[in-house]
Amino acid sequence: SPTIVNNVYQSANNLFLPQTYEWSWNGSILGDVVFENKKSGTHALPNGNFIICETAKGRVSEINRAGDLLWSYVNPTNQNAIYNQFDVVSSSNNRMFRAEKYPVDYIGFTGKVITSMGILENQNILSDSCISILLGSDELDHPSISLTNPVVNNNLQFHQPLVNETVKIVDMQGNVVYHKRNVSGSNLQLELSKGVYFLQMNSTNQRFKMIVE
């Protein structure tokens, strides 16, 4: 991912950083080679998988680091029609600009009623197990440990007291910004800039997405 400091993309010799990459992939999704001239995009998930958005096809997919396709979903609608997942759709009808995957506990969903509005994923066999790989299920939550989001005044509040826990916090660029052993108690006082971070508990190897305001 790009190197960003204080919301500014970093560069050297007129090239964006980093100069090298950790992982790359080229391949096909459902028989179509992934190629886009503009828009589209991809982003990494906390569990190591990647979301790929193909604007011209109106399609968003998730792959793992081995390149295996976990699920794929086609934008099923335009102004005049609703499509099934494997209908042949004109590329000019169902384009999408970008797509993101949010955990079920994303703060922007608070107080909102999220329904399908009648458009359902009804024919994509690859998506039958989508619920089991939601970021909000086993990747970002744990039944015995939870925390208050967002973090206000750099006070990280846990709903249950920790006992001799090892806590590590990583920023969006993968930098470890906090690492402490033998943490006990229900809160931590941090010194972090506003932004999104990932917190890992050593004893359970579970990760939480946390927003610092």
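Ring geometry for F50 against W23 counts as parallel: the plane angle stays under 30°, on a 0 to 90° scale with 60° as the upper cut.
A distance of 10.5 Å separates OH of Y178 from CD of E191, quoted to the nearest 0.5 Å. Considering OG1 of T166 and CG of N182, their distance stands at 6.5 Å, rounded to 0.5 Å. Between the CG atom in L190 and the CD1 atom in I169 there is a gap of 4.5 Å [rounded to 0.5 Å]. Taken to the nearest 0.5 Å, the CG atom of D32 stands 5.0 Å off from the CZ atom of R59. Here I52 contributes atom CD1 and E62 contributes atom CD; the two are 10.0 Å apart, rounded to the nearest 0.5 Å. E36 CD to T42 OG1: the interatomic distance, rounded to the nearest 0.5 Å, is 12.0 Å.
Clustering ILVMFWY residues whenever any of their side-chain heavy atoms sit less than 4.5 angstrom apart, transitively, puts L45 in a cluster other than the one holding V170. Under a hydrophobic-cluster definition in which Ile, Leu, Val, Met, Phe, Trp and Tyr are linked whenever side-chain heavy atoms come within less than 4.5 Å, directly or via other members, V196 and I4 are assigned to different clusters. If you chain together hydrophobic residues whose side chains sit under 4.5 Å apart, V152 and I211 never meet in one group.
Residue C53 comes nearest to S40 through the heavy atom pair O-CB, 3.0 Å, listed as atom of the first residue, atom of the second, then distance. Annotation for N164 and S184: closest pair N-OG, 3.0 Å, computed over non-hydrogen atoms. The two residues V60 and A99 make their nearest non-hydrogen contact at CG2-CB, 3.7 Å. Shown here for G58 and M96, the closest heavy-atom pair between the two residues is O-CE, 3.3 Å. The shortest non-hydrogen separation linking W71 to I51 is CZ2-CD1, 3.8 Å. Here the shortest heavy-atom pairing between N75 and R95 reads ND2-O, 3.8 Å.
F158 has its side chain within reach of M201: a pair of non-hydrogen atoms, C-beta onward, lies under 4.5 Å apart.
Within the 3.5 Å criterion, the main-chain N or O of A66 finds a donor-acceptor partner in the side chain of N64. At least one donor-acceptor pair closer than 3.5 Å links the side chain of Q189 to the backbone N or O of N153. Put simply, the side chain of N6 never gets that close to the backbone of V8: no donor and acceptor are under 3.5 Å apart. Remark: the backbone N or O of N155 is not paired with any side-chain donor or acceptor of N187 at under 3.5 angstrom.
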Test side-chain contact (heavy atoms from CB on, under 4.5 Å) on L162 and V167 and set out the steps.
-> CA-CA 10 Å; L162 306 182; V167 176; 4.1 Å; yes
